[in-house]
Amino acid sequence: MVIEQNKALILQFYKAFDDRKMEQALELLAPNFVAHLAGVPEPLDGEGFKRFGMSFYLAFQQGAHIFDEVIISEDKVVTCGKFTATHVGEFQGLPPTGKQISLSIMHIDRVENGKIVEHWGQGDALGLMQQLGIVFLPGPKLLPYILKGAVSNLFKQAERS
């Protein structure tokens, strides 16, 4: 019974976010809430998570979490799927592109006493950046190999001509 309540709570949280009812979503977080997000070096408390969520919320509209899998194990609920939305506001310094995005996601949320107390979030950040048109730039160690390959291709094309 508690397991199904935990599942319902988590799905309610993501639905409230998608329906742009942020206050309703935030009411489901415990006062001692902690979030662990991929790419964020330190865990976020409730206030930090709210700021992070609001930046995403304001940048992307018509958002929808589409879960292919919902796995429940005692006090944890794992959700896997996609998040789709339209980029309509500034996001991490990038002006709005108007592009539709589809982001692979995986979350683990821990529930205690009917509130979300801990969250682990993983999203395809590289895929998101590519969809928004941000070009991947190779690091200094990779650049010589890329240049060598490009020069080699030029010589091969010249020999064929």
Side-chain angles (χ1 to χ4, degrees), residues 2-140 142:
V2 171
I3 288 176
E4 286 302 316
Q5 290 172 339
N6 290 348
K7 175 183 177 182
L9 175 76
I10 297 307
L11 294 178
Q12 179 184 353
F13 173 78
Y14 291 110
K15 174 121 176 62
F17 186 88
D18 292 347
D19 291 346
R20 303 191 67 75
K21 297 178 180 175
M22 205 57 162
E23 287 304 315
Q24 183 181 339
L26 294 172
E27 287 174 6
L28 302 175
L29 304 180
N32 59 335
F33 173 83
V34 176
H36 311 273
L37 303 174
V40 177
E42 296 291 323
L44 301 175
D45 62 7
E47 199 53 43
F49 185 69
K50 179 180 177 181
R51 281 192 303 275
F52 178 86
M54 286 303 291
S55 71
F56 208 83
Y57 174 86
L58 293 172
F60 297 95
Q61 289 186 4
Q62 300 158 338
H65 286 85
I66 303 156
F67 297 123
D68 301 321
E69 292 283 338
V70 179
I71 303 165
I72 312 147
S73 176
E74 297 181 25
D75 64 344
K76 293 184 183 78
V77 179
V78 179
T79 48
C80 303
K82 293 195 179 300
F83 177 75
T84 60
T86 304
H87 181 217
V88 297
E90 183 180 314
F91 180 67
Q92 297 182 349
L94 179 69
T97 62
K99 293 182 179 182
Q100 179 75 25
I101 58 108
S102 180
L103 176 65
S104 296
I105 55 170
M106 181 181 294
H107 302 135
I108 303 171
D109 292 287
R110 186 169 68 83
V111 178
E112 192 175 278
N113 299 322
K115 296 281 186 179
I116 304 169
V117 292
E118 205 162 9
H119 169 85
W120 292 265
Q122 174 71 44
D124 179 14
L126 177 59
L128 174 62
M129 294 299 122
Q130 289 172 333
Q131 290 174 63
L132 294 178
I134 297 173
V135 179
F136 166 74
L137 297 175
L142 185 58

Summary of salt bridge (Lys or Arg N to Asp or Glu O under 4.0 Å) pairs that have at least one residue in residues 53-67, sequence neighbours excluded = none

Could you check if a side-chain atom of [X] sits within less than 4.5 angstrom of a side-chain atom of [Y], using non-hydrogen atoms only?
X	Y	answer
Met54	Arg51	no
Met22	Lys50	no
Met106	Trp120	no

Only counting residues at least two apart or in another chain, list the ones meeting ring-ring contact (aromatic ring centres under 6.0 Å, His included) with Phe91.
-> Phe56, Phe60

Could you pull out the closest heavy-atom pair between Gly39 and Pro41, with the gap in Å?
-> O-CD, 3.7 Å

Minimal non-hydrogen separation, Leu103 against Gly123, with atom names | CD1-C, 4.2 Å

Knowing that exactly one of Ile108, Leu28, Asp109 qualifies, which makes a side chain to side chain contact (heavy atoms under 4.5 Å, CB included) with Ile10?
-> Asp109

Is Arg20 reaching over with its side chain to a backbone N or O of Gly63, donor-acceptor style, under 3.5 angstrom?
-> no

Provide the full list of side-chain hydrogen bond (donor to acceptor under 3.5 Å, both in side chains) pairs with a residue in residues 88-103, sequence neighbours left out, each pair given once.
-> Thr86-Gln100, His87-Thr97

Scan for side-chain hydrogen bond (donor to acceptor under 3.5 Å, both in side chains) pairs involving residues 25-48, sequence neighbours excluded, and state none if there are none.
-> His36-Glu118

Taking atom [atom1] of [X] and atom [atom2] of [Y], what is their separation to the nearest 0.5 Å?
X	Y	atom1	atom2	value
Phe17	Gln24	CZ	CD	13.5 Å
Gln131	Leu126	CD	CG	10.0 Å
Ile101	Gln130	CD1	CD	13.0 Å
Phe13	His119	CZ	NE2	7.0 Å

Using the test side-chain hydrogen bond (donor to acceptor under 3.5 Å, both in side chains), find all partners of Gln5 that sit at least two apart in sequence or belong to another chain.
-> none

Would you be so kind as to tabulate the donor-acceptor pairs closer than 3.5 Å made by side chains of residues 65-80, with sequence neighbours excluded?
residue : atom : partner : partner atom : Å
His65   : ND1  : Asp18   : OD1          : 2.7
His65   : ND1  : Asp18   : OD2          : 3.4

